[in-house]
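Quantities reported herein were computed from a predicted structural model and do not represent experimental measurements.
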Amino acid sequence: QVQLVASGGGLVQAGDSLRLSCAPSGRTFRSYAMAWFRQAPGKEREFVAAITRSTGNTYYADSVKGRFTISRDNAKNTVYLQMNSLKPEDTAAYYCAAREGGSYYKGWDGYDYWGQGTQVTVSS
């Protein structure tokens, strides 16, 4: 069983930066592809970014491309989401997720483990 603990959210102003962290426990996360999703009130959960297990290939939603960067540190067993040039529309609860097998997948239903979510609020 894998438990994911996400942290780093907060209240910032438009244009600011935040870095989210996700640290799986229970098993090494080298075996998993990792991703971040977000969900705003009244909206569906949406894909933000993903990183594969072995090659470290990264994928982004168009809405965050060029502003957000996903990375993983296997030695620290941690995945990060660096968020720059934040906009009010980035306001949401952000969730990290782990997918067994390590390959890229965009849909939330393809992930096996989820963190508890960390809130990001961007004021204008």
Just so I know, are the side chains of [X] and [Y] near enough to count as touching, which here means a heavy-atom distance under 4.5 Å?
X: Val120; Y: Met83; value: yes
X: Tyr32; Y: Thr52; value: no
X: Met34; Y: Arg72; value: yes
X: Thr121; Y: Val12; value: no
X: Phe47; Y: Tyr60; value: no

Start with the C-alpha distance between Ile70 and Trp36, add both sets of side-chain angles, then the distance that settles side chain to side chain contact (heavy atoms under 4.5 Å, CB included), and finish with yes or no. CA-CA 8 Å; Ile70 188 172; Trp36 289 93; 3.6 Å; yes
Heavy atoms only: give me the nearest [X]-[Y] pair and the separation to one decimal.
X: Leu4; Y: Cys22; answer: CB-SG, 3.9 Å
X: Thr78; Y: Ser21; answer: CG2-CB, 4.2 Å
X: Ala33; Y: Ser103; answer: CB-O, 3.3 Å
X: Gln82; Y: Ser17; answer: NE2-CB, 3.9 Å
X: Leu86; Y: Arg67; answer: CA-NH1, 3.9 Å
X: Val122; Y: Lys87; answer: CB-O, 3.3 Å

Say you draw a straight line from [atom1] of [X] to [atom2] of [Y]; how long is it, rounded to the nearest 0.5 Å?
X: Glu46; Y: Lys106; atom1: CD; atom2: NZ; value: 9.5 Å
X: Ser71; Y: Leu81; atom1: OG; atom2: CG; value: 8.5 Å
X: Phe68; Y: Ser85; atom1: CZ; atom2: OG; value: 9.0 Å
X: Asn84; Y: Asp16; atom1: CG; atom2: CG; value: 10.0 Å
X: Ile51; Y: Tyr104; atom1: CD1; atom2: OH; value: 13.0 Å

Are Trp114 and Leu20 connected in the hydrophobic side-chain network, where two residues link if heavy atoms are under 4.5 Å apart? no
Do Tyr105 and Phe37 sit in one hydrophobic cluster, given that two such residues count as connected whenever their side-chain heavy atoms are within less than 4.5 Å of each other, even indirectly? yes
Under a 3.5 Å cutoff, is there a donor and acceptor pairing between the side chains of Arg99 and Tyr111? no
Taking [X] for the side chain and [Y] for the main chain, is one N or O donor matched with an acceptor at less than 3.5 Å?
X: Asp73; Y: Lys76; value: yes
X: Thr118; Y: Gly9; value: yes
X: Gln116; Y: Ala6; value: yes

Should the pair Arg45 and Tyr95 be classed as cation-pi, given the thresholds of under 6.0 Å to the six-membered ring centre and 45° from the axis? yes
Applying side chain to side chain donor-acceptor pair (under 3.5 Å), run through Tyr80 and Arg19 and close with a yes or a no. CA-CA 7 Å; Tyr80 303 98; Arg19 188 177 76 161; 4.7 Å; no
For side chain to side chain donor-acceptor pair (under 3.5 Å), just list the numbers for Glu100 and Tyr113, CA-CA rounded to whole Å, side-chain angles, deciding distance to a tenth of an Å, and then say yes or no. CA-CA 9 Å; Glu100 292 188 1; Tyr113 306 101; 2.8 Å; yes
